[in-house]
Protein chains: 2
Amino acid sequence: MTDDLVLRRQVCFALYTASRAMVDVYRPILAEFGLTYPQYLVLLVLWEGEQEQPPTVSGLGARLQLDSGTLSPLLKRLEAAGLVIRRRSPADERRVAVELTPAGRALRGRLADVPRQLAQATGLSADDLVVLRDTLTRITSAIHQHKEQ
Amino acid sequence: MTDDLVLRRQVCFALYTASRAMVDVYRPILAEFGLTYPQYLVLLVLWEGEQEQPPTVSGLGARLQLDSGTLSPLLKRLEAAGLVIRRRSPADERRVAVELTPAGRALRGRLADVPRQLAQATGLSADDLVVLRDTLTRITSAIHQHKEQ
DNA sequence: CGCAGTTTAGTTGTGCACAACTAAACTGCG
DNA sequence: CGCAGTTTAGTTGTGCACAACTAAACTGCG
């Protein structure tokens, strides 16, 4: 009869707090470039897919697990900052392709050192970080499967 | 020369996504009681400290890593829902003690099964969850130490 | 004892996150 | 071919999170 309703026992609380602590480390680094963490994630996807067709809003949403209610205003801010362009697809007017501007492309090199800075802040080894990442990824997909039923 | 600016390599993205997926599991469960996840966390702290003096707003903030800008409106909503009472300390008028109402206390029993439901949704064993929780807690405190310097 | 400095809770403004909804564009079945 | 149903991006409203700030209360040093 142990009591599970105790804060320090809760994995979820550890997850929620660790996630916010991580974003706290990003905040001052990204603020120098006028970015928030979710905006940085959008740029990561765009940098990664540079040789392919530019993704649509829903394509970005699928990668980042975010819906248009979050992405639409975020993308407007990235566009206002001159980092991306949103363009209605001529073939299908419902779709909006999101492309990098030269300024958006140029940011990639300037942010290349960010992952190293973050890894250092966690105090974990590269191996530990890989294990952690894979455990978290496993949880996330288990939860998504759980929701199917 | 591997490229760290790739989404699936990022521990931080795994953390951010897992945290939101967890809250997604909580949402429908807590919604039956009119609660959000951060409100539930406040109640966990209050249930845990029932025999002690009721915590102040800043005391809650220290436990949950949240500031008054987040807690003040959240506590007003919990008070409006009849689950807590906020009371200025007579000894020090700056402090506001947060106490459970009988309705707030009664909720504890009705939510006793929530941690088990959550653990099941993750698809991890109890042992894996303990390891994960401890890794996350270690990261969070490493980050906090990192910020001191 | 008085007041400079600190502590405390709360407010204001910005940016997610997400539920619920809307409008426009598209698809494919009868 | 037409239209019911679907897909897509965007809007509206609520609730965090947090930076920057405010006002009131308190503390302790000179």
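Each chain gets a letter, A, B and so on, in the order the sequences are listed, and its residues count up from 1. Scope of the values below: all heavy atoms of this structure, side chains included, with no hydrogens, waters or symmetry mates.
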**Prompt:** Using a cut-off of less than 4.0 Å, is there contact between a side-chain N or O of B/Ser68 and OP1 or OP2 of C/dT11?
**Reply:** no
**Item:** A/Asp92 side chain, from C-beta outward: closest of C/dA9, C/dC26, D/dG10
**Value:** C/dC26
**N or O in side chain of B/Arg88 less than 4.0 angstrom from D/dA25 OP1/OP2** = no
**Asked** Taking atom types as they are modelled, is there a donor-acceptor pair under 3.5 Å from the base of D/dT7 to the side chain of A/Arg94?
**Response** yes
**Residue-phosphate contact under 4.0 Å: B/Arg77 side-chain N/O, D/dC16 OP1/OP2** = yes
**Heavy-atom side-chain contact between B/Thr122 and B/Met22 under 4.5 Å** = yes
**Request:** Starting from P on D/dG15, measure out to CG on B/Leu41 and report it in whole angstrom.
**Result:** 17 Å
**Complete:** A/Glu93 atom CD is separated from C/dA23 atom C1', nearest whole Å, by 14 Å
**Asked** Below 4.0 angstrom from OP1 or OP2 of D/dC16, is there any side-chain N or O of B/Gln39?
**Response** yes
**Request:** Could you check how far OH of A/Tyr16 sits from P of D/dC16, rounded to whole Å?
**Result:** 9 Å
**Asked** Looking at the side chain of A/Arg95, which of D/dC18, D/dA25, D/dA9 is the nearest nucleotide?
**Response** D/dA9
**Message:** Only Watson-Crick and G-U wobble pairs, only distances under 3.5 Å, only runs of 3 or more: what stems does that leave for DNA chain C?
**Reply:** C:1-30 with D:1-30
**Of A/Pro73 and A/Arg27, the one whose closest DNA chain D nucleotide lies more 5'** = A/Pro73
**Request:** Report yes if at least one side-chain N or O of A/Thr56 is closer than 4.0 Å to OP1 or OP2 of D/dA9; otherwise report no.
**Result:** yes
**A/Leu71 CG to D/dG10 C1', straight-line distance once rounded to whole Å** = 11 Å
**Item:** Spacing between A/Asp67 atom CG and D/dT8 atom P, to the nearest angstrom
**Value:** 14 Å
**Complete:** Note: B/Pro73 and B/Thr70 closest approach over all heavy atoms is CD-O, 3.5 Å
**Request:** Check every atom of D/dC18, C/dC18, C/dG10 against the side chain of B/Ser72 and return the nucleotide holding the closest atom.
**Result:** C/dG10
**Presence of B/Arg20 side-chain N/O under 4.0 Å of C/dC16 phosphate oxygens OP1/OP2** = no
**Request:** Look at the side-chain N and O atoms of B/Ser58 and state whether any lies under 4.0 Å from the OP1 or OP2 oxygen of C/dT7.
**Result:** no
**Message:** From CG of A/Leu78 over to P of C/dT14, roughly how many Å is that when rounded to an integer?
**Reply:** 18 Å
**Complete:** Here the residues of residues 30-37 of chain B within 4.0 Å heavy-atom distance, strictly under, of DNA chain C are none
**Message:** Taking atom CD as the centre, does B/Gln53 end up with more than 12 heavy-atom neighbours from other residues, nucleotides or ligands that are less than 6.0 angstrom away?
**Reply:** no
**Prompt:** Would one find a side-chain N or O of A/Lys76 under 4.0 angstrom from OP1 or OP2 of C/dC16?
**Reply:** no
**Request:** Could you tell me whether the side chain of B/Phe13 reaches within less than 4.5 Å of the side chain of A/Leu44, counting heavy atoms only?
**Result:** no
**Message:** With rounding to the nearest 0.5 angstrom, report the CG to CG distance, A/Leu83 to A/Leu46.
**Reply:** 10.0 Å
**Message:** In the structure I gave you, are the side-chain heavy atoms of A/Leu30 and A/Gln39 within less than 4.5 Å of one another anywhere?
**Reply:** no
**Item:** Position toward the 5' end of DNA chain C (nearest nucleotide), A/Ser89 or A/Leu66
**Value:** A/Leu66
**Prompt:** Out of C/dC16, D/dA9, C/dA9, which nucleotide sits closest to the side chain of A/Val57?
**Reply:** D/dA9
**Request:** Could you tell me whether the side chain of B/Ser141 and the main chain of B/Arg138 form a donor-acceptor pair under 3.5 Å?
**Result:** yes
**Asked** Quick one: B/Leu60 CG to C/dG10 P, roughly how many Å, whole number?
**Response** 11 Å
**Request:** Hey, can you tell me if B/Tyr26 and B/Tyr37 have their rings parallel, tilted or perpendicular (30° and 60° cut-offs)?
**Result:** tilted
**Request:** Could you tell me the separation between the CD atom of A/Glu79 and the C1' atom of D/dG10, rounded to a whole number of Å?
**Result:** 14 Å
**Prompt:** Is any side-chain heavy atom of A/His144 less than 4.5 Å from a side-chain heavy atom of A/Thr140?
**Reply:** yes
**Asked** What distance do B/Ile139 atom CD1 and B/Cys12 atom SG have between them, rounded to the nearest 0.5 Å?
**Response** 8.5 Å
**Prompt:** Base, sugar-phosphate, or nothing: which does A/Ala97 touch, judged by heavy atoms less than 4.0 Å apart?
**Reply:** nothing
**Message:** Whether the side chain of A/Gln120 engages the backbone of A/Gln117 through a donor-acceptor N/O pair (distance < 3.5 Å, no angle test) should be reported.
**Reply:** no
